[in-house]
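What follows is one structure encoded as structure tokens, with my remarks underneath.
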Amino acid sequence: MRNRIAELVESSLNSAITSQELSTSQLPTITIGTPANTEHGDFSCNIAMQMAKGERKAPRQVAEILIRHLGDGNGLFSKTEIAGPGFINFFVAATAWQASLLEIESQGNTFGRTATGEGKKMQVEFVSANPTGPLHIGHGRGAAIGDTLCRILDASGWDVTREFYYNDAGAQINNLALSVQSRCLGIEPDDQRWPADGYQGEYIKDVARAYLARESVEASDQHTVANGDPKNLDAIREFAVAWLRREQDFDLAAFDVRFDVYTLESGLYTEGRVDSVVKQLIANGHTYELDGALWLKTTDFGDDKDRVMRKADGGYTYFVPDVAYHQAKWERGFTRVVNEQGADHHSTITRVRAGLQALDIGIPKGWPEYVLHQMVTVMRGGEEVKISKRAGSYVTLRDLIDEVGRDATRFFFIMRKPDAQLVFDIDLAKQQTNENPVYYVQYAHARICSIFENAAEKGFKAPVKPAADELKLLTTPEELQLIKIMTSLPDTIDDCAIHFEPHRLTYYLTELASCFHSFYNKNRVISEDTALTAARLYLLKRTAQTLKNALSILGISAPERM
RNA sequence: GCGCUCGUAGCUCAGCUGGAUAGAGCAACGGCCUUCUAAGCCGUAGGUCAUAGGUUCGAGUCCUAUCGGGCGCGCCA
């Protein structure tokens, strides 16, 4: 609806220019807003105020010209008016709202989807947790935001690739292998022989036990059989990585999150990508040697200090393979790449982008794009739970899903905008689950399903493709408001996709559910009036479909009973 | 000290890339179930949008400064 009105305004603008009533040399971008006050109509446009100065006319005068060329929008509007300092307000005719229900019906479970992305490729990298332990709550937020973002971008017409990148060969992985080896040899964390920064979690014992038992492991991207020899550190490393990757697979599966591509840091070395990037950066003259290390002049690209690429010990710092990885993404044809990660890693953005600019291979300055989520503070028993992976004292994602439920956990993680901090009170989420907004939305869906059960018992069912005469009975403010909210789902999806902000969809759902609950309490659906009953059943059929479609994009179920 | 980010009702947060009288949930108070699910609805109360300037027809939103919380500032990832 919003787009339709924007198109009408644009054509009336063109028409006014053709007739030389307006003379603007460049068309302003047309934005259609939704007034907070219903007295100001269903939609409004501020274009007359924006153009007034250039036109050397009063805003209301510009608005008057536009309205004249606009007419009634081929019956779309029941009224258009000029209001306030120069707003154009649009009142959509009830018949137009009613007719839009037919479009929702014909689109079925694809209603809400748009073609905005034009089928172009976009890659989203998220979670990207190193396989040194189970996923914790911070990863959970990243998984929920990243996965929902993928679903939203897909619904917005993008061809999305979901990617998981991890370090399978660095110092931390070596540390992991040493920890497992120590457990294999029966060495405890308080033993002198325990590795300095060893991982102390209970799960390390499980890995050691499985390794000694020569178990085999099938992870989504790893397949291995334990060698069983506690002296063979390489074999332990390989097994531990695969074992923990599989654990993460379990966690992610429980969260209904999946990936298309896994990229291993070690592969960037074995394929020669890291070497090739270093050579290219040297050849382009963006490096220098100092104190036995090789530096990249990232200050040439907006960083506040230069960064070491190759350490004095000969190893590369982590961001070098990261640059190589992103070069590979670019070569794979992703002109748009989004990285979802914790805000505590935000300093990598400048470095990676600087490295890519220094390669001078035509990558745009702002590529890749980033979505950063702020810290999650975990509260349990009224106290903050400190997250320490090495000490093993932290709340895992799986614990959370087991305690709170998948739907509520997902909803909770995405209902705030990513760059706001999140307090996750486990006791609250556990003990007062019916206060969680996700139930409010799901309840609306279950309620509608229940109405249809009752209707079926009494021999009623929603009509298929009803005529305008049958729908014209839908006239109350609640009914029209319900339709209005439903039709804005595609706009909401686009807004979420453009801003990378999944939380907007949770607010949309709450609003839609709220509108339905109000309608339900004020009106009876099944009544003596068979014509009205049919019209309302049709309205609720579309409402249930809209709720289900939107919930599905959030990866949340739409229960038929609660 | 520098960079990023946040600061909106008692609490947790929205506020549609500058629009009209700043909203929701929870908590508080008062109502609504012999009829389709009360996990619901209706109403009341609650605000100097951290502070001070600036930009313009118009600022919670943009700019500057200050104050306060978080994160980052490693030849760790």
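The sequence lines fix the lettering, A, B, ..., with proteins before strands; numbering per chain opens at 1. What you see is a predicted model; the values in this text were computed from it and never measured.
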Among the candidates [options], find the nucleotide nearest to the side-chain atoms of [X].
X	options	value
A/Arg2	B/rC16, B/rU21, B/rC75	B/rC16
A/Tyr440	B/rC36, B/rA77, B/rG40	B/rG40
A/Pro85	B/rG72, B/rG19, B/rU37	B/rG19
A/Arg524	B/rC75, B/rC41, B/rU35	B/rU35
A/Ser450	B/rA14, B/rU37, B/rC76	B/rU37
A/Ile526	B/rC71, B/rG15, B/rC36	B/rC36
A/Arg351	B/rG70, B/rA77, B/rA20	B/rA77

Think [X] has a side-chain N or O under 4.0 angstrom from the OP1 or OP2 of [N]?
X	N	value
A/Asn175	B/rA77	no
A/Tyr520	B/rA38	yes
A/His346	B/rC4	no
A/Lys305	B/rC2	no
A/His345	B/rC4	no
A/Arg416	B/rC6	no

Base, sugar-phosphate, or nothing for [X], non-hydrogen atoms under 4.0 angstrom?
X	answer
A/Ala446	base
A/Thr350	nothing
A/Asn454	sugar-phosphate
A/Ser518	sugar-phosphate
A/Lys522	nothing
A/Phe87	base
A/Asn523	base
A/Asp322	nothing
A/Arg504	sugar-phosphate
A/Lys417	sugar-phosphate
A/Asp495	sugar-phosphate

Spacing between [X] atom [atom1] and [N] atom [atom2], to the nearest angstrom:
X	N	atom1	atom2	result
A/Arg307	B/rA77	CZ	P	13 Å
A/Met49	B/rA59	CE	P	13 Å
A/His499	B/rU61	NE2	P	17 Å
A/Leu512	B/rA14	CG	P	21 Å
A/Leu537	B/rC36	CG	P	15 Å
A/Gln172	B/rC76	CD	P	11 Å
A/Gln421	B/rC71	CD	P	7 Å
A/His445	B/rC36	NE2	C1'	16 Å

Inter-nucleotide [atom1] distance ([N], [M]), Å rounded:
N	M	atom1	value
B/rG53	B/rG10	C1'	31 Å
B/rU8	B/rU48	P	12 Å
B/rG15	B/rA9	P	15 Å

I'd like to know if [X] reaches the base of [N] with its side chain, counting only an N/O donor and acceptor under 3.5 Å.
X	N	value
A/Asp344	B/rG72	no
A/Thr34	B/rC16	yes
A/Asp304	B/rG3	no
A/Tyr443	B/rA39	no
A/Asn37	B/rU21	yes

Exercise. Would you call A/Arg310 and A/Glu289 a salt bridge, using N to O less than 4.0 angstrom?
Worked result: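 Result for this pair is yes, salt bridge flagged.
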Exercise. Can we say A/Asp495 and A/Arg2 salt-bridge, meaning some charged N sits less than 4.0 Å from an Asp/Glu carboxylate O?
Worked result: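 So A/Asp495 pairs with A/Arg2 through a salt bridge.
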Who is the Watson-Crick or G-U wobble partner of [N], with both distances under 3.5 Å?
N	value
B/rG1	B/rC73
B/rC67	B/rG7
B/rC33	none
B/rU61	none
B/rC13	B/rG23
B/rU55	none
B/rA38	none
B/rU44	B/rA28

Problem set entry | CG-OH distance between A/Asp306 and A/Tyr288, expressed to the nearest 0.5 angstrom |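 One finds 3.5 Å between CG of A/Asp306 and OH of A/Tyr288.
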For this session: Quick one: pull up CG in A/Asp322 and OG1 in A/Thr317 and give me the separation to the nearest 0.5 Å.
Result: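 Going from CG on A/Asp322 over to OG1 on A/Thr317, the span is 10.0 Å.
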Exercise. Looking at the angle O4'-C1'-N9-C4 for a purine or O4'-C1'-N1-C2 for a pyrimidine, is B/rC71 syn or anti, with syn meaning within 90° of 0?
Worked result: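 B/rC71: anti glycosidic orientation.
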Exercise. Of A/His326, A/Glu163, A/His345, which is the lone residue that meets side chain to side chain donor-acceptor pair (under 3.5 Å) with A/Asn339?
Worked result: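 Testing A/Asn339 for a side chain to side chain donor-acceptor pair (under 3.5 Å) against A/His326, A/Glu163, A/His345 leaves exactly one candidate, A/His326.
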Problem set entry | Nearest-nucleotide 5' precedence on RNA chain B, A/Asn89 against A/Ala343 |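 Its nearest nucleotide being more 5', the pick is A/Asn89.
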Problem set entry | Earlier contact from the 5' end, RNA chain B, for A/Gly84 and A/Phe319 |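 Closest to the 5' end, via its nearest nucleotide, is A/Gly84.
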Quick one: is the NZ or CZ of [X] closer than 6.0 Å to the six-membered ring centre of [Y], and within 45° of its axis?
X	Y	value
A/Arg141	A/Phe424	no
A/Arg542	A/Tyr538	yes
A/Arg307	A/Phe319	no

Problem set entry | Between A/His517 and A/Tyr443, ring centroids under 6.0 Å |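 Yes, the ring of A/His517 comes within the 6.0 Å limit of the ring of A/Tyr443, centre to centre.
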Exercise. Is the aromatic ring centre of A/His40 closer than 5.5 Å to the centre of the six-membered base ring of B/rA20, with the two planes inclined by less than 30°?
Worked result: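 Here the ring of A/His40 and the base of B/rA20 are stacked, with centres under 5.5 Å and planes under 30°.
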For this session: Side-chain contact test, heavy atoms from C-beta onward, threshold under 4.5 Å: evaluate it for A/Ile556 versus A/Phe411 and give yes or no.
Result: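 In contact.
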